[in-house]
Amino acid sequence: MPAYDERFAYLRPTSDFMSEALHKWAVQYHLLKEEDIDLNWYEEWKDEFNAEYSERDFPLRYRVTPEEVEPIEPWMNIQFAAALQRLRKKHDLTQDDLALAANTTKSTIRSYEQKKRLPKDSQLADLADALGVTKGALTFFDFGSPVQAVHVLFQIANTYGMIPDEIDGQVMLRTACRGMERYIDQWELAQNGTFEGVAWDVEVTDYQDWKDKYDFNYSGQSSRQSRYSIHWDKRPNGDLIDSGALESKYDPFDEHHRAQGGFLRA
């Protein structure tokens, strides 16, 4: 879940599994930063990461009964069908109405809601337009298991400049540059009733409505000032030049990792 700190934006875990996974990751990252292990060792640890988990902690992905535990399948079809039906009914649309608005047929809409198929990208865009939401509101990713979700976090962190950390007893995945800062801040603000990241003429009624309408491409500037500013290099003649990297008081530019943007990527 998103959380606020004046030093950085961060995501905090909400399950024991993810808390432990982030703790282990933070330990390995710290060892790499202190050069107690090398990059090959670190990357191999990530590649081989595995851990036990309780399916009961993930009710959206696993069906748990007294008799058995099984993954909910086909997961993406089920999630898409539920979202489509929820949004259609929210707008008081029949399947015929939605089909007409989205340039398709009633039988196609019915097959979506019966979890039989998923739309192609062009059809997804038409559905989103008809329902007044972004494509993201109707897009779902199946990571397969909590372990695979952690491997996805490895990729996200490395690509968008986030690092695992443990500060004041709180494990987290936090920003080390401006990359994800704005989006996490806007997410956290939305949970508290301040809705940013939608067009000026788009009405937002509640948190779920904000999630349905949040536009990554329109996200604009957050009402919170960025914690990060330009790192300036000093030329021999005393002139300052933009290094192309950002830094903050908490995360100053690290010359050892200039090629990575001034910090050690996770």
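Along the sequence shown, the residues carry numbers beginning at 1. Since this is a predicted model, take the numbers as computed values, not measurements.
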J.: Below 4.0 angstrom, N of the basic side chain to O of the carboxylate: do Lys90 and Asp209 qualify?
T.: yes
J.: Can you list the residues that meet the salt bridge (Lys or Arg N to Asp or Glu O under 4.0 Å) rule with Lys24, with sequence neighbours excluded?
T.: none
J.: Any donor-acceptor pair under 3.5 Å linking the side-chain atoms of Asp239 with those of Asn237?
T.: yes
J.: Assess whether a salt bridge exists between Asp233 and Arg258, defined as any Lys/Arg side-chain N lying under 4.0 Å from an Asp/Glu carboxylate O.
T.: yes
J.: Please name the pair of heavy atoms, one in Phe263 and one in Gly161, separated by the smallest distance, quoted to 0.1 Å.
T.: CZ-CA, 3.7 Å
J.: Of all the heavy-atom pairs spanning Gln191 and Pro2, show the shortest one and how long it is.
T.: OE1-CG, 3.5 Å
J.: Show the nearest heavy-atom pair for residues Ala266 and Met162, with the distance to one decimal.
T.: CB-O, 3.6 Å
J.: Between Arg63 and Glu70, is there a donor-acceptor pair closer than 3.5 Å when you use the side chain of the first and the backbone of the second?
T.: no
J.: Taking all heavy atoms of Asn77 and all of Lys115, pick out the closest pair and write down the distance.
T.: ND2-O, 3.3 Å
J.: Would a single hydrophobic cluster contain both Val150 and Phe58, if residues Ile, Leu, Val, Met, Phe, Trp and Tyr are joined by side-chain heavy-atom contacts under 4.5 Å?
T.: yes
J.: Which residues pass the side-chain contact (heavy atoms from CB on, under 4.5 Å) test with Arg178, not counting sequence neighbours?
T.: Glu181, Ser226, Tyr228, Leu246
J.: Output yes when a side-chain donor or acceptor of His231 lies under 3.5 Å from a complementary backbone atom of Glu247, and no otherwise.
T.: no
J.: Counting N and O atoms only, with roles assigned by atom type, does the side chain of Ser229 sit under 3.5 Å from a partner on the main chain of Ser248, one being a donor and the other an acceptor?
T.: no
J.: Classify the ring geometry of Trp45 against Phe154: parallel below 30°, tilted from 30° to 60°, perpendicular beyond 60°.
T.: tilted
J.: Is it the case that more than 12 heavy atoms not belonging to Glu255 sit under 6.0 Å from its CD atom?
T.: yes
J.: Are Tyr62 and Trp75 connected in a single hydrophobic cluster, I mean Ile/Leu/Val/Met/Phe/Trp/Tyr linked by side-chain heavy atoms less than 4.5 Å apart?
T.: no
J.: Do the side chains of Asp185 and Arg227 get close enough for a salt bridge, i.e. N-O under 4.0 angstrom?
T.: yes
J.: Say whether, by atom type as modelled, one donor and one acceptor occur between the side chain of Ser19 and the main chain of Ser15 under 3.5 angstrom.
T.: yes
J.: Does the Glu196 side chain pair with the main chain of Ser223, one donor and one acceptor, at a distance under 3.5 Å?
T.: yes
J.: Identify the two heavy atoms, one from Leu173 and one from Pro164, that lie closest to each other, and give their separation to 0.1 Å.
T.: CD1-N, 3.7 Å
J.: Is Arg61 salt-bridged to Asp142, cutoff N-O under 4.0 Å?
T.: yes
J.: If every non-hydrogen atom of Arg174 is compared with every non-hydrogen atom of Tyr10, which pair is closest and at what distance?
T.: CB-CB, 3.6 Å
J.: Counting only N and O atoms by type, is there a donor-acceptor contact under 3.5 Å from the side chain of Tyr214 to the main-chain atoms of Trp187?
T.: no
